[in-house]
Participant: 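Take a look at this one; I'll ask things after.
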Amino acid sequence: MNPRFNITFNKVARAAEIYFVEKAEKYRRYWNAYQRVNCQALRDRLLCHPDRASLNEVIRFLNNWRCRLNYESFRPVLCEALEENLDRISSIHDDRLELSYSVRSKMETVQIVFQKFLTKPKMGPTVASKVLGLLNPSLFVMWDEPIQRAYGYRTANPNYSAFLMHMGEAAQKVVTTCSSGKPAQELGAKYGSDFGGPFPISSLINYYLWLTFTQQEEV
């Protein structure tokens, strides 16, 4: 097995160190962008009443990753996607990856919402995963095309729930390879106050995947 797919606590800890400390200047705009949207207040607005300001915040976040989304044309698309899937998203908005990845009903819901998102204009797999990752950062792992390709998923018809189940197994391994058994708390205590934490395990995996496969860092 390619060692890059063997995700352990030491690897996500190393990714966090690169992202927030060693190469902070290089990646500052990315974690600053995430800090702006990683808050319960914004999630509540998106799930209860997605107004212009909250939708603009999401689009601004997405465009940090070169999504090139037009505010005026994409805002109603995003609003419609959220409103049409409100009940399904609300049913999993408190779930955590390491506990939910093996629950069939939850992964079925994930895939339904993901596929519904993909029917919207400009809502490709990357955008869909990032929006879901904002709505529940404790459950969803964001992916872009390099990560999709690395794990052998076709961009044209991605099986996101299968990927998420694979990431759930990785989350369990992150827990078992952490000496304290509490990786989120351990790294949250180290980086959280300055960088927008605490970080759920799914977010730690996000950093690792993005640095390893998209940025081609040696982690």
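Excluded from the calculations below are hydrogen atoms, water molecules and symmetry mates; all remaining heavy atoms, backbone and side chain alike, are included.
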Participant: Between E145 and R149, is there a salt bridge with N-O shorter than 4.0 Å?
Facilitator: yes

Participant: Ignoring hydrogens, what is the shortest heavy-atom contact between P125 and Q148? Give both atom names and the distance.
Facilitator: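 Minimum heavy-atom separation between P125 and Q148: CB-NE2, 3.6 Å.
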
Participant: Can you find a side-chain donor-acceptor pair between S161 and N159 that sits under 3.5 Å?
Facilitator: yes

Participant: Would you say the rings of Y30 and W65 are close, in the sense that their centroids are separated by under 6.0 Å?
Facilitator: yes

Participant: Ring centres under 6.0 Å, that's the criterion: do Y153 and Y160 meet it?
Facilitator: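 No, ring centres 6.0 Å or more apart.
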
Participant: In plain terms, say whether E57 and R52 are close enough for a salt bridge, that is, a side-chain N and a carboxylate O under 4.0 Å apart.
Facilitator: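 No, no charged N to carboxylate O under 4.0 Å.
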
Participant: Mind checking whether L46 and Y71 sit in one hydrophobic cluster, side chains of I, L, V, M, F, W, Y counted as touching below 4.5 Å?
Facilitator: yes

Participant: Do the side chains of K116 and E84 get close enough for a salt bridge, i.e. N-O under 4.0 angstrom?
Facilitator: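 Judged by the 4.0 Å cut-off on N to carboxylate O distance, K116 and E84 do not form a salt bridge.
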
Participant: Where do A13 and Y191 come nearest, in terms of heavy atoms and distance?
Facilitator: O-OH, 4.4 Å

Participant: Exactly one of W31, Y34, Y208, F20 should register a ring-ring contact (aromatic ring centres under 6.0 Å, His included) with F199. Which one does?
Facilitator: F20

Participant: What I want to find out is whether R14 reaches E22 closely enough, with some N-O distance under 4.0 Å, to be called a salt bridge.
Facilitator: yes

Participant: As a quick check of understanding, evaluate salt bridge (Lys or Arg N to Asp or Glu O under 4.0 Å) for E217 and K26, giving each step before the final call.
Facilitator: CA-CA 12 Å; E217 294 279 5; K26 179 179 179 179; 3.5 Å; yes

Participant: Check each of R75, K120, K122 against E80 using the salt bridge (charged side-chain N to carboxylate O under 4.0 Å, His left out) test, and report the only one that passes.
Facilitator: K120

Participant: Strictly below 4.0 Å, N to O, side chains only: are K190 and E186 in salt-bridge contact?
Facilitator: no

